[in-house]
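Here is the structure we will look at, set down as structure tokens.
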Amino acid sequence: MSILVTGAAGFIGANFIHQIINQVDEQIIALDALTYAGNRENIIGLESRKMIFEHKNICNKSDLEFVFSKYKISKVVHFAAESHVDRSIMSSDPFVQTNVVGTQLLLDVSKHASIERFVHVSTDEVYGSLGLNDPAFTESHQIQPNSPYSASKASSDLLVRSYYETFGFPAMITRCSNNYGPYQFPEKLIPLMIHHANSGKSLPVYGNGKNVRDWIYVTDHCDAVLSVLNHGTAGEVYNIGGESELNNLTIVKKIIEAFGISESRIEFVKDRPGHDFRYAMNINKIKTELNWQPKISFEAGLEKTIKWYKSNQSWLDRVVSGEYKTYIKEQYQ
Ligand code: NAD
Ligand code: TYD
């Protein structure tokens, strides 16, 4: 039996595979379209009979049918998505294609194959934005997305829900807060600031830097997803978070301190349109029902992350230069 992991060459998908490869008995089928965010190098050392890479697109039904006919897939963990809010503001089309249409095709093909478990990896951003003193999001909070990214993820969540309600399809939805850690594409806040701090560039903070996110180290998120895959109840939604709310300026200052550079490198830039002010997660449900909780503090996670980027400078250089698109072919074929 095999577990299909979509978005396997992206940030969280790759970390998930590194983490579970020695924990599960099943073969892992790592599917990825290798968009700009996908980097085969993230999982290259793991390819073996236990982990097979399939360069396929979830928006292409025959790609999915090919994969489901080639392997005996019993479980699906669905990470593949367009994931960056700023890009969704520039152009929402790929977000609707992959996050909505791609998810619908994956649901259909998975249903046809009568799989046993399906985890749809979603985000806290589907709940919308909170004020500073509002209570954290629970799973029953209304869905009120504000960006094309979060709207497309919310749409995919609703499709997953409908497959459970209509067909009894064995799906669970996870909604997690902001991840950080190894292999994150340097367009997101933490890796972008690490990259800029280390390369003499200014550190661009949107608006006044007071926007708040809850931050979770990626391995904690991956543990939670595995817990839901193994023990979650079909039809349920599980919030996941790091219990670590911080505003952006605080994070940027911590990175500045870690690199021993001057705060004058901070550059306040034009705010993101429709910029959600605050996300915060109530994670009581997953704590009590699945006995999961985050293990890594923000301080420890940030230290590990900075250490990883420093010792993987060549990975970062290849991503920034664009060489990562051809590197694996040249090295391994
Ligand atoms: P990412 O952008 O780093 O990776 C996405 C991966 O999906 C890439 O490897 C890309 O090539 C692949 N992909 C994109 N379109 C595809 C398609 N049509 N077919 C097949 N593969 C395709 O994203 P990430 O940060 O690893 O996020 C993974 C999932 O977790 C996403 O669904 C995202 O919404 C969700 N999530 C992310 C965060 C976060 O902080 N990064 C937080 C909560 C939830
Ligand atoms: P991001 O990492 O894009 O995640 P998301 O928007 O999905 O939460 O951004 C995190 C926060 O950091 C968000 O409030 C926007 C802000 N931000 C900056 O201030 N400067 C930057 O260069 C980036 C990429 C983000």
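Start at 1 and go down the list; that is how both ligands and their atoms are numbered.
Heavy-atom separations between Ser122 and ligand 1 include at least one value shorter than 4.0 Å. Remark: distances from the non-hydrogen atoms of Thr6 to ligand 1 are all 4.0 Å or more. Judged by the shortest distance from any of its heavy atoms, Phe185 lies outside the 4.0 Å radius around the atoms of ligand 1. Under the 4.0 angstrom criterion for non-hydrogen atoms, His84 is not in contact with ligand 1. Between Tyr149 and ligand 1 there is a heavy-atom distance shorter than 4.0 Å. Ligand 1 has no atom lying under 4.0 Å from any heavy atom of Ala14.
Checking only distances, Asp86 never comes within under 3.5 Å of ligand 2, N or O to N or O. Ligand 1 has an N or O atom lying under 3.5 Å from an N or O atom of Phe79, backbone or side chain. Taking only nitrogen or oxygen atoms, main chain and side chain alike, His275 reaches within less than 3.5 Å of ligand 2. Checked against a 3.5 angstrom limit, the closest N/O atoms of Trp215 and ligand 2 fall outside it. Here's the thing with Cys176: none of its N/O atoms is less than 3.5 angstrom from an N/O atom of ligand 1. The shortest N or O to N or O distance between Arg213 and ligand 2 is under 3.5 Å. At under 3.5 Å, a nitrogen or oxygen of Asn179, whether backbone or side chain, sits near a nitrogen or oxygen of ligand 1. On a distance-only criterion, Lys188 and ligand 2 share no N/O pair closer than 3.5 Å.
Protein heavy atom nearest atom 7 (O) of ligand 2, with residue, atom name and distance: Glu125 OE2, 2.6 Å. Nearest protein neighbour of atom 26 (O) of ligand 1, counting heavy atoms only, is Ile12 N, 2.8 Å. Among protein heavy atoms, atom 5 (C) of ligand 1 sits closest to Ala81 O, 3.4 Å. Closest protein heavy atom to atom 3 (O) of ligand 2: Arg272 NH2, 3.0 Å. The protein atom (non-hydrogen) at minimum distance from atom 25 (O) of ligand 1 is Phe11 CD2, 3.6 Å. Annotation: atom 20 (N) of ligand 2 to nearest protein heavy atom, Pro204 O, 2.8 Å. Summary of contacts: the protein heavy atom closest to atom 12 (O) of ligand 2 is Asn248 ND2, 3.3 Å. Nearest protein neighbour of atom 21 (N) of ligand 1, counting heavy atoms only, is Ala33 N, 3.1 Å. At the top of the distance list for atom 4 (O) of ligand 1, counting protein heavy atoms only, stands Gly10 CA, 3.5 Å. Closest to atom 19 (N) of ligand 1 among all protein heavy atoms lies Ile58 N, 3.0 Å. Of all protein heavy atoms, the one closest to atom 19 (O) of ligand 2 is Tyr206 N, 2.9 Å.
For atom 18 (N) of ligand 1, the candidate residues are Asp32, Thr103, Asn57; the nearest heavy-atom contact is made by Asn57.
Under 3.5 Å, the side chains of Tyr309 and Asn312 contain no donor-acceptor pair of N or O atoms. Side chain to side chain, Glu125 and Ser150 fail the donor-acceptor criterion of an N or O pair below 3.5 Å. With hydrogens and angles left out, the side-chain atoms of Ser155 and Ser152 include no donor and acceptor closer than 3.5 Å. A donor-acceptor contact closer than 3.5 angstrom is absent between the side chains of Ser91 and Asp93.
Under the 4.0 Å criterion applied to side-chain N and carboxylate O atoms, Glu26 and Lys75 are assigned as salt-bridge partners. Ion pairing between a basic and an acidic side chain is recognised when a charged N comes within 4.0 Å of a carboxylate O; Arg40 and Glu47 show such pairing. For the pair Glu65 and Lys56, the salt-bridge criterion is not met [side-chain N within less than 4.0 Å of a carboxylate O]. The pair Asp214-Arg278 does not count as a salt bridge, with every side-chain nitrogen at least 4.0 angstrom from each carboxylate oxygen.
Tyr36 carries Arg87 over the face of its six-membered ring, with the cationic atom under 6.0 Å from the centre and within 45° of the normal. Cation-pi check for Arg318 over Tyr327 is met; the charged atom lies under 6.0 angstrom from the ring centroid and within 45 degrees of its normal. Cation-pi geometry between Lys111 and Phe167 is met: the NZ or CZ atom falls under 6.0 Å from the ring centre, inside 45° of the normal.
Counting heavy atoms under 4.0 Å from ligand 2, residue Asn178 touches it through the side chain alone. The proximity of Gln97 to ligand 1, defined as any non-hydrogen pair under 4.0 Å, does not occur for either the backbone or the side chain. With a 4.0 Å heavy-atom cut-off, ligand 2 is reached by the backbone of Leu189 and by its side chain too. The proximity of Glu187 to ligand 2, defined as any non-hydrogen pair under 4.0 Å, is limited to the backbone. When non-hydrogen atoms are compared, ligand 1 lies under 4.0 Å from the backbone of Leu34 (N, CA, C, O) but not from its side chain. Contacts with ligand 1 closer than 4.0 Å are made by backbone heavy atoms (N, CA, C, O) of Ser177 only, the side chain lying farther away. Contacts between Leu192 and ligand 2 below 4.0 angstrom, taking non-hydrogen atoms only, involve the side chain exclusively.
Ligand 1 places these atoms under 4.0 Å from at least one heavy atom of Val121: 30 (O), 32 (O). Counting the atoms of ligand 1 from 1 in the order shown, those under 4.0 Å from a heavy atom of Asn178 are 40 (O). Interface atoms of ligand 2 facing Val85, defined by a heavy-atom separation under 4.0 Å, are 6 (O), 7 (O). Every atom of ligand 1 with a heavy atom of Lys153 under 4.0 Å away is listed here by number and element: 31 (C), 32 (O), 33 (C), 34 (O). For ligand 1, the atoms closer than 4.0 angstrom to any heavy atom of Ser83 are 1 (P), 2 (O), 23 (O). Residue contact check: Ala9 has heavy atoms under 4.0 Å from atoms 9 (O) of ligand 1. Close contacts between ligand 1 and Thr98 involve ligand atoms 15 (N), 16 (C), 17 (C), 18 (N) [criterion: under 4.0 Å to a heavy atom].
Among all heavy-atom pairs drawn from Trp315 and Gln184, the shortest one is CH2-O, 3.7 Å. The two residues Ile21 and Ile28 come nearest to each other via the heavy atoms CA-CD1, 3.9 Å.
Tested against Arg175 for a side-chain hydrogen bond (donor to acceptor under 3.5 Å, both in side chains), the candidates Asp157, Asn239, Asp124 yield a single pass: Asp157. Each of Trp308, Phe11, Phe16 was compared with Tyr183 under the ring-ring contact (aromatic ring centres under 6.0 Å, His included) criterion, and only Trp308 meets it.
Classification of the His275-Tyr206 ring pair by plane angle, with boundaries at 30° and 60°, yields perpendicular. Using the six-membered ring where Trp is involved, His120 and Phe118 have ring planes that are parallel, under 30° apart on the 30 and 60° scheme.
The six-membered or imidazole ring of Phe298 lies away from that of Tyr217, with a centre-to-centre distance of 6.0 Å or more.
Linking ILVMFWY side-chain heavy atoms closer than 4.5 Å, directly or via other members, places Phe268 and Phe277 in two distinct hydrophobic clusters.
Asp134 is linked by a salt bridge (Lys or Arg N to Asp or Glu O under 4.0 Å) to nothing, counting only residues two or more places apart in sequence or in another chain.
Considering only heavy atoms from C-beta on, Ile58 comes within 4.5 Å of His78 through its side chain.
In this structure, Lys285 contributes its side chain and Val237 its backbone to a donor-acceptor pair below 3.5 Å.
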